[in-house]
Visitor: 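Handing you this structure, nothing more for now.
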There are 2 protein chains.
Amino acid sequence: MKALSQVQQKFVLHWGEMGTRWGINRTVAQIHALLFISPVPLNAEDIADTLTVARSNVSTSLKELQAWGIVRLVHVMGDKRDHFESMKDVWEMFRVVLDERKKREVDPMLTVLRDCIIEAEKDKQADEHTEAKLRELLEFFETTTGWYQQVRALPTPALTRFMKLGDKVRKALGLGE
Amino acid sequence: MKALSQVQQKFVLHWGEMGTRWGINRTVAQIHALLFISPVPLNAEDIADTLTVARSNVSTSLKELQAWGIVRLVHVMGDKRDHFESMKDVWEMFRVVLDERKKREVDPMLTVLRDCIIEAEKDKQADEHTEAKLRELLEFFETTTGWYQQVRALPTPALTRFMKLGDKVRKALGLGE
DNA sequence: GTCGAAATTCTGTAACTACTGAAATTCCAG
DNA sequence: CTGGAATTTCAGTAGTTACAGAATTTCGAC
C-alpha cells in the first residue's frame with residue numbers, strides 16, 4: 001500500500017475535520033475521503049494502514065458509510081478480500097447524502113412539529129403562541145423539502161445549468177422584487 | 001418562571017436532539033428552541049431553571065448563540081438583568097445560520113481544495129487522479145455556493161414563491177431533459 | 001466437512017466534550 | 001467609592017463517544 005502524498009493527506013485530514021462539524025465521525029469521513037480520491041477500490045487493511053487506525057475501527061466505519069449509501073463493497077479479481085469504493089459522481093453523492101439526512105432528520109422533525117401542533121390545538125390559549133411559531137417552522141420545512149424533492153430529480157447537467165443561470169432565474173420567473 | 005407545557009417540552013427536546021445531529025451542542029440548541037417559542041425575552045436564570053442546567057452553562061451557550069447571530073441581548077424595562085431573544089423570522093434565521101456555516105465550513109473547504117489542486121499541479125503524474133477528483137469537488141462547491149449567494153439575496157416572499165413554483169421552474173427555464 | 005484468512009463483534013480504555021459549582025469579575029445603585 | 005446583584009471565567013468532574021486489541025464468527029478453498 002502506497003502512503004499518501006502531501007496533498008492527499010491534507011485533503012483527507014480536512015475532510016475528516018469537516019465531517020465532525022456536521023455530525024459525522026472523523027474516521028468515517030477520512031475513510032470516505034480516502035476512497036473518494038482512490039482510483040481503485042481498497043480493502044480494509046490498506047485503509048487501516050494508510051490512516052493508521054485499527055482494523056476493527058475501519059470495519060465499523062465502512063458499515064456506516066455503506067448505511068449512508070455512498071460507499072459500496074466490491075470484489076477485485078484474484079483477491080478474496082472485500083474491497084470498497086466510494087460513489088464517483090460528486091453531485092450524485094451529495095444527492096444521496098441529502099436524501100439520507102432528509103430521511104433521518106428532516107422527516108422526523110416534520111412529524112414532531114405536526115404532532116406538537118395538533119397537541120397544541122387541543123390546548124388552545126395555553127399554547128397559542130407556541131403553536132404559531134411551530135407552524136412557521138413547519139411551513140419552512142415543508143416548503144424547502146418540497147422544493148428539494150423537485151430539484152433532486154433533475155439530472156445533474158440540468159441542475160448545474162439551472163444553478164448557473166444566476167440572475168436570469170429571477171428575471172425569467174418575474175421575481176424582481 | 002412558568003414551566004414548559006408538554007408540547008413545548010417535546011419541541012425543545014427534539015430541537016436539542018436535532019442540534020447534536022448537525023454538530024451543535026444539545027444545550028445550545030435547547031436554549032435556542034426555548035427562546036424561539038418564547039413570546040418574550042428571557043433572562044439567564046429563567047432559562048437555567050426551565051431547562052434545569054447550570055447558570056454558567058447558560059451563559060456560555062448564550063454566547064455561542066450570539067456568535068451564530070441568531071440570538072441577541074435585549075433589556076426589559078425595570079429589570080437590570082440581561083434578557084435574550086431569538087431571531088423571530090424563520091427564513092431569516094436559516095439564512096443567518098447558512099451564511100455562518102458557509103463562512104465557517106464551506107469557505108475554508110474551498111481554500112483547502114484550491115491549495116491542494118495548486119500543489120497537485122506541481123507534482124503532476126504523482127497526483128493526477130487526485131487532482132481530477134478534487135477539481136470535481138471544487139466545481140461542486142463553487143457552483144452550489146455561487147447559486148446560494150444568488151438566492152440568499154431574494155427577499156423571503158420572492159424566495160418562497162420561487163420554491164413553490166415547482167414544475168414550472170423546469171419548464172420556464174427550458175430544462176426539460 | 002476442516003483449515004486458515006478475513007471480517008465482525010465486543011469489551012475495556014482513552015480521549016474528548018459538556019457541565020457543574022466555585023471563584024472572580026463586572027456592573028450599577030446609592 | 002462601596003455593596004450587592006448579575007454575569008463570566010475557570011478548574012475539576014461526569015458523561016459520552018471513539019477507539020484499540022482480543023475474541024468470535026464468517027467465508028471460501030480444498
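In what follows, every chain begins at residue 1, and chains take the letters A, B, ... in the order their sequences are listed.
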Visitor: Could you identify which residues of residues 54-70 of chain A place a heavy atom less than 4.0 Å from some atom of DNA chain C, listed by residue number, or say none?
Guide: Arg55(A), Ser56(A), Ser59(A), Lys63(A)
Visitor: For residues Ser61(B) and Thr27(B), report the shortest heavy-atom separation together with the two atoms involved.
Guide: OG-CG2, 3.9 Å
Visitor: Toward the 5' end of DNA chain D, which comes first, Val53(A) or His75(A), by nearest nucleotide?
Guide: Val53(A)
Visitor: Sorted by first residue and then second, give each salt bridge (Lys or Arg N to Asp or Glu O under 4.0 Å) pair with at least one member in residues 135-148 of chain B; sequence neighbours left out.
Guide: Lys164(A)-Glu139(B), Arg114(B)-Glu142(B), Glu121(B)-Arg135(B), Glu131(B)-Arg135(B), Lys133(B)-Glu136(B)
Visitor: Contact class for Asn43(B) vs. all strands (heavy atom < 4.0 Å): base, sugar-phosphate, or nothing?
Guide: nothing
Visitor: Would you kindly give the NE2-to-C1' distance between His83(A) and dA7(C), to the nearest whole Å?
Guide: 13 Å
Visitor: Establish, for the pair Arg101(B) and Trp68(B), whether the NZ or CZ atom is under 6.0 angstrom from the six-membered ring centre and no further than 45 degrees off its axis.
Guide: no
Visitor: Rounding to a whole Å, what distance do you find between Ile31(B):CD1 and dC19(C):P?
Guide: 9 Å
Visitor: Chain B on DNA chain D: first and last contacting nucleotide, 5' to 3', under 4.0 Å to a heavy atom?
Guide: dA6(D) to dT9(D)
Visitor: What distance separates Leu73(A) CG from Gln66(A) CD, expressed to the nearest 0.5 Å?
Guide: 5.5 Å
Visitor: Let me know the distance between CG of Asn25(A) and P of dA15(C), rounded to the nearest Å.
Guide: 16 Å
Visitor: Begin with the C-alpha distance, continue with both residues' side-chain angles, and end with the deciding distance and a verdict on side-chain contact (heavy atoms from CB on, under 4.5 Å) for Leu138(A) and Leu110(A).
Guide: CA-CA 7 Å; Leu138(A) 179 60; Leu110(A) 288 170; 3.6 Å; yes
Visitor: Whole angstroms only, please: what is the CD-P distance between Glu17(B) and dA18(C)?
Guide: 13 Å
Visitor: Are Leu98(A) and Val96(A) linked, directly or through other ILVMFWY residues, by side chains that come within less than 4.5 angstrom of each other?
Guide: yes
Visitor: Suppose we screen for ring-ring contact (aromatic ring centres under 6.0 Å, His included). Which residues come up paired with Phe11(B), at least two apart in sequence or across chains?
Guide: Trp15(B)
Visitor: Any donor-acceptor pair under 3.5 Å linking the side chain of Thr111(B) with the backbone of Asp107(B)?
Guide: yes
Visitor: I'd like a list of close polar pairs between nucleotides 12-14 of chain C and the protein, N/O only, cut-off under 3.5 Å.
Guide:
none

Visitor: dC28(C) P sits how many Å from Lys80(B) NZ, rounded?
Guide: 9 Å
Visitor: Please list all pairs passing the ring pair (Phe, Tyr, Trp, His ring centres under 6.0 Å) test where one or both residues lie in residues 74-97 of chain B, with sequence neighbours left out.
Guide: Phe140(A)-Trp91(B), Phe140(A)-Phe94(B), Phe141(A)-Phe94(B)
Visitor: Is the ring pair Trp22(A)/Trp22(B) parallel, tilted or perpendicular, if the boundaries are 30 and 60 degrees?
Guide: perpendicular
Visitor: Can you measure Leu51(B) atom CG to dC19(C) atom C1' for me and round it to whole angstrom units?
Guide: 14 Å
Visitor: Rounded to the nearest 0.5 Å, how far apart are CD of Gln30(B) and CD1 of Ile47(B)?
Guide: 12.0 Å
Visitor: Rounded to the nearest Å, what distance is computed from the CD atom of residue Glu45(B) to the P atom of nucleotide dT20(C)?
Guide: 15 Å
